[in-house]
Amino acid sequence: MPKVTVEELQRRKPQGGKITMLTAYDYPLGKLVDEAGVDIVLVGDSLGMVVLGYETTTPVTMEEMIHHAKAARRGVANALLIGDMPFLSFRGSLDEALTNARRFIQEAGCDGVKVEWKTGIEHTANAIIDAGIPVMGHVGLTPQTAASEGGFGMRGKDAAAASRIVAQALALEGAGCFAMVVECVPDLVAQEITRRLRIPTIGIGSGPWCDGQVLVTYDLIGLFERFTPRFVKRYAETAAIIRRAAASYVQDVKAGTFPGPEHTVAMPPQEAAKFKLNPQSKIHLMQ
Ligand code: KIV
């Protein structure tokens, strides 16, 4: 399979070819979703909630993101790998934002970064793009600031709020972003953003009209059980599979049925006989 590029993804938009994006935070998941043929693997800061067990994404640090992005990089061969700039990694000085964006590229081997909308972020995005790093924007519900902005509900439900989100998407496109995540807005708003932008939109909880779709993989495979957003389609019940497997293992060990002969290496009989006769054997074992 050829490696996915920003240019190829952008060429799809006029032809109506859909873009697929999923999150991954380590080597096995990165490898599996890449082999499944997704176009973009996002090392999302959803890491904080679904893997690290935080209540929100705001405590996630650059160190945690880089650690996990490096692991995902080892598994992703063809998809575009995007590192999600965590809260506070790009909201202070421009220098700090540039340093952190560079770390995703140089230390973790990502192909680009994603930034959530905040007032003035288009200037930061533009500086990162000027430094040669592809940037994906993120508008609508922006989880890093959701708590201080009235919670995790839909955004852009009235005409004024919807127009502000369209303007934010246009500002990020103007800054040079190569694609735009549009999270939790009514389908009509996502449709309008998709119509107005030249770059591809990637929706989550925003209906079918975007140029692509993204989900948090742990939601899609049923591995994150604390809550499931209404817009998620569950394709597997992985938590139940793991729980069943672990319970069977516990049962087998307690019953003495694991390990069985097929999991055990026996000594050749001649050697075993010598070993048992040797009075030093027990001493050797204990050393
Ligand atoms: O952190 C994340 O996983 C995301 C996606 C939901 C787009 O930002």
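This chain uses plain numbering: 1 for the first residue, then up along the sequence. Start at 1 and go down the list; that is how both ligands and their atoms are numbered.
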(message) Check this for me: does any side-chain nitrogen of one of Glu107 and Arg73 sit under 4.0 Å from a carboxylate oxygen of the other?
(response) no
(request) Number the atoms of ligand 1 from 1 as they appear, then name those within less than 4.0 Å of a heavy atom of Ile204, with their elements. (result) 6 (C)
(request) Decide, yes or no, whether a salt bridge links Arg12 with Glu8 under the criterion of side-chain N to carboxylate O below 4.0 Å. (result) yes
(request) Please identify which atoms of ligand 1 are closer than 4.0 Å to at least one heavy atom of His138. (result) 8 (O)
(request) Salt-bridge test for Glu237 and Arg243: reply yes if a basic N is under 4.0 Å from a carboxylate O, no otherwise. (result) no
(message) Measuring from non-hydrogen atoms of Glu116 to any atom of ligand 1, is the shortest distance under 4.0 Å?
(response) no
(message) Less than 4.5 Å apart, side chain to side chain, heavy atoms only: is that true for Val41 and Ile82?
(response) no
(message) Looking only at protein heavy atoms, which one is nearest to atom 4 (C) of ligand 1, and what is the separation?
(response) Leu42 CD2, 3.6 Å
(request) Check ligand 1 against Lys114 and write out every atom of the ligand that is under 4.0 Å from a heavy-atom position of the residue. (result) 8 (O)
(request) Number the atoms of ligand 1 from 1 as they appear, then name those within less than 4.0 Å of a heavy atom of Asp84, with their elements. (result) 1 (O), 2 (C), 8 (O)
(request) Decide whether Tyr218 and Glu225 meet the rule of one side-chain donor and one side-chain acceptor closer than 3.5 Å. (result) no
(request) Identify the protein heavy atom lying closest to atom 2 (C) of ligand 1, giving its residue, its atom name and the separation to 0.1 Å. (result) Ser46 OG, 3.4 Å
(request) Could you tell me whether some N/O pair between Thr23 and ligand 1 is separated by less than 3.5 angstrom? (result) no
(request) Examine the side chains of Thr145 and Ser148 and answer whether a donor and an acceptor come within less than 3.5 Å of each other. (result) no
(request) Mark up the atoms of ligand 1 that fall under 4.0 Å of a heavy atom belonging to Gly44, in ascending order. (result) 1 (O), 2 (C), 3 (O)
(request) May I ask you to check whether Tyr25 has an N/O atom sitting below 3.5 Å from an N/O atom of ligand 1? (result) no
(message) Less than 4.0 angstrom from a charged side-chain N to a carboxylate O is my criterion; do Lys3 and Asp111 meet it?
(response) yes
